[in-house]
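Report on one structure; see the data block that follows.
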Amino acid sequence: MNLSGPAKLSLWFPLAFVAGVLYLRLGQHLGWGRSLLLGVVTAPVVVGAWKFRDWYTDRARRAGLRWRERRPARRRAR
């Protein structure tokens with residue numbers, strides 16, 4: 001089952017929020033208020049970094065494919 005882009009994002013935001021809050025509350029021993037506040041701030045940053053990484057690696061993959069397609073033509077020109 002493949003989900004659309006907006007559906008994936010709507011699932012990743014709460015997951016990143018909950019994971020961040022639980023990590024801060026249980027792992028770093030912060031209070032619930034501070035953990036929730038930091039979770040609200042960090043969830044969009046984490047999801048944005050994840051989307052940027054996907055975009056950047058896809059861009060690099062496409063550039064590599066284009067380079068490999070043009071490579072035999074460059075070899076013949078020499």
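Throughout, numbering of the chain's residues begins at 1 and tracks the sequence. Predicted, not measured: the structure shown is a model, and the values here were computed from it. These values consider heavy atoms only, across backbone and side chains, with no hydrogens, waters or symmetry-generated copies.
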Taking all heavy atoms of Ser35 and all of Leu30, pick out the closest pair and write down the distance.
OG-CB, 3.7 Å
With sequence neighbours left out, the residues meeting side chain to side chain donor-acceptor pair (under 3.5 Å) with Arg62 are Asp58
For residues Leu11 and Val18: do they belong to one hydrophobic cluster (side chain heavy atoms under 4.5 Å, members Ile, Leu, Val, Met, Phe, Trp, Tyr)?
no
Can you hop from Val40 to Leu38 via hydrophobic side chains spaced under 4.5 Å?
no
Can you run down the ring-ring contact (aromatic ring centres under 6.0 Å, His included) pairs that involve residues 9-41, sequence neighbours left out, and say none if there aren't any?
Trp12-Trp50
So CG of Leu9 and OG of Ser4: to nearest 0.5 Å the spacing works out to 9.0 Å
Gap separating the OG1 atom of Thr42 from the CG atom of Leu24, nearest 0.5 angstrom
6.5 Å
Give a yes or no on whether Leu36 and Leu26 share a hydrophobic cluster (residues Ile, Leu, Val, Met, Phe, Trp, Tyr; joining criterion: side-chain heavy atoms under 4.5 Å apart).
yes
Test ring-ring contact (aromatic ring centres under 6.0 Å, His included) applied to Trp55 - qualifying residues, sequence neighbours left out
Phe52
Not counting sequence neighbours, which residues clear side chain to side chain contact (heavy atoms under 4.5 Å, CB included) with Leu65? List them please.
Arg61, Arg68
Sort and list the pairs that fulfil salt bridge (Lys or Arg N to Asp or Glu O under 4.0 Å) and have at least one residue in residues 7-35, not counting sequence neighbours.
none
